[in-house]
Engineer: 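Take a look at the following structure, please.
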Amino acid sequence: MLILYALSMHEKPIRYNELKSKIGNISFKTLTNTLRELENVDLINRKEFPQVPPKVEYGLTNLGLSIILIFDALCYWGEEQLDKE
């Protein structure tokens with residue numbers, strides 16, 4: 001969820017290290033594995049540029065953008081519940 005939100009905060013695709021810095025305390029292995037899983041289920045896209053050093057950018061797919069709306073609704077619902085207490 002954090003990765004998807006971090007990607008949603010940018011209008012354009014972002015690079016791996018920038019994404020890692022936006023998320024905070026996450027290992028390279030965990031981030032890499034999670035990005036692969038999100039790509040496999042078509043929530044994010046990965047664009048690799050043929051250069052040295054390698055350049056890779058990540059962004060949300062249309063499906064990934066659509067799930068952000070659901071996350072936002074869930075967060076809004078949670079805030080309403082906290083206000084009731």
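For reference, positions follow the sequence shown, starting with 1.
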Engineer: Work out which heavy atom in Ile23 is nearest to a heavy atom in Ala6; give both atom names and the distance.
Structural biologist: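 So the minimum-distance heavy-atom pair works out to CG1-CB, 4.2 Å.
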Engineer: Check Glu48 with Arg46, please: is the shortest side-chain N to carboxylate O separation under 4.0 Å?
Structural biologist: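 Yes, Arg46 and Glu48 are salt-bridged.
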Engineer: Does the Thr30 side chain pair with the main chain of Ile26, one donor and one acceptor, at a distance under 3.5 Å?
Structural biologist: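 A pair under 3.5 Å: no.
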Engineer: Under a single-linkage definition using a 4.5 Å side-chain heavy-atom cutoff for Ile, Leu, Val, Met, Phe, Trp and Tyr, are Leu38 and Leu2 assigned to the same hydrophobic cluster?
Structural biologist: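 In one cluster: no.
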Engineer: May I ask whether Trp77 and Met1 are part of the same hydrophobic cluster, defined by side-chain heavy atoms of I, L, V, M, F, W, Y residues being less than 4.5 angstrom apart, directly or through others?
Structural biologist: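 Unlinked, Trp77 and Met1 end up in two clusters.
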Engineer: Does any part of the side chain of Val56, heavy atoms only, come nearer than 4.5 Å to the side chain of Phe49, both counted from C-beta?
Structural biologist: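 Counting from C-beta outward, Phe49 and Val56 never come under 4.5 Å.
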Engineer: Mind checking the CG-CE spacing from Leu19 to Met9? Nearest 0.5 Å is all I need.
Structural biologist: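 The distance works out to 13.0 Å.
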Engineer: Verify the cluster assignment for Leu74 and Leu4: are they in a single hydrophobic cluster under the rule of side-chain heavy atoms below 4.5 Å apart?
Structural biologist: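 Leu74 and Leu4: separate clusters.
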Engineer: More than 12 non-hydrogen atoms from neighbouring residues, nucleotides or ligands closer than 6.0 Å to CG on Asp83, yes or no?
Structural biologist: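 Above 12, so yes.
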Engineer: In Å, rounded to the nearest 0.5 Å, how long is the span from CG of Leu82 to CD of Glu79?
Structural biologist: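 If we round to the nearest 0.5 Å, Leu82:CG and Glu79:CD are 7.5 Å apart.
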Engineer: Determine whether Lys22 and His10 make a side-chain contact, defined as any pair of heavy atoms from C-beta on separated by less than 4.5 Å.
Structural biologist: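 SC-SC contact between Lys22 and His10 confirmed.
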Engineer: If you round to the nearest 0.5 Å, how far is CD of Glu39 from OH of Tyr58?
Structural biologist: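 So the OH of Tyr58 and the CD of Glu39 are separated by 7.0 Å.
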Engineer: Rounded to the nearest 0.5 Å, what separation is found between the CG atom of Leu60 and the CG atom of Leu43?
Structural biologist: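 It is 8.0 Å, given to the nearest 0.5 Å.
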Engineer: For a quick test of reading the model, state the closest non-hydrogen atom pair linking Pro54 to Arg15 and the distance between them.
Structural biologist: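 Here Pro54 and Arg15 meet closest at O-NH2, 3.9 Å.
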Engineer: Under the side chain to side chain contact (heavy atoms under 4.5 Å, CB included) rule, collect the residues that match up with Thr61, sequence neighbours excluded.
Structural biologist: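 Asp42, Asn45, Leu63.
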Engineer: Does Ser21 reach the main-chain N or O of Glu18 with its side chain, forming a donor-acceptor pair under 3.5 Å?
Structural biologist: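 Checking the backbone N and O of Glu18 against the side chain of Ser21, a donor-acceptor pair under 3.5 Å is found.
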Engineer: What class does the angle between the rings of Tyr16 and Phe28 fall in, given that below 30° is parallel, 30 to 60° is tilted and above 60° is perpendicular?
Structural biologist: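 Plane angle under 30°, so parallel.
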Engineer: Could you give the distance from CD1 (Ile3) to NZ (Lys20), rounded to the nearest 0.5 Å?
Structural biologist: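 Going from CD1 on Ile3 over to NZ on Lys20, the span is 10.5 Å.
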Engineer: Rounded to the nearest 0.5 Å, how far apart are CG of Leu31 and CZ of Arg36?
Structural biologist: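 Result: 10.5 Å between the selected atoms.
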Engineer: Does Val41 belong to the same Ile/Leu/Val/Met/Phe/Trp/Tyr cluster as Ile44, with side-chain heavy atoms less than 4.5 Å apart forming each link?
Structural biologist: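 Yes.
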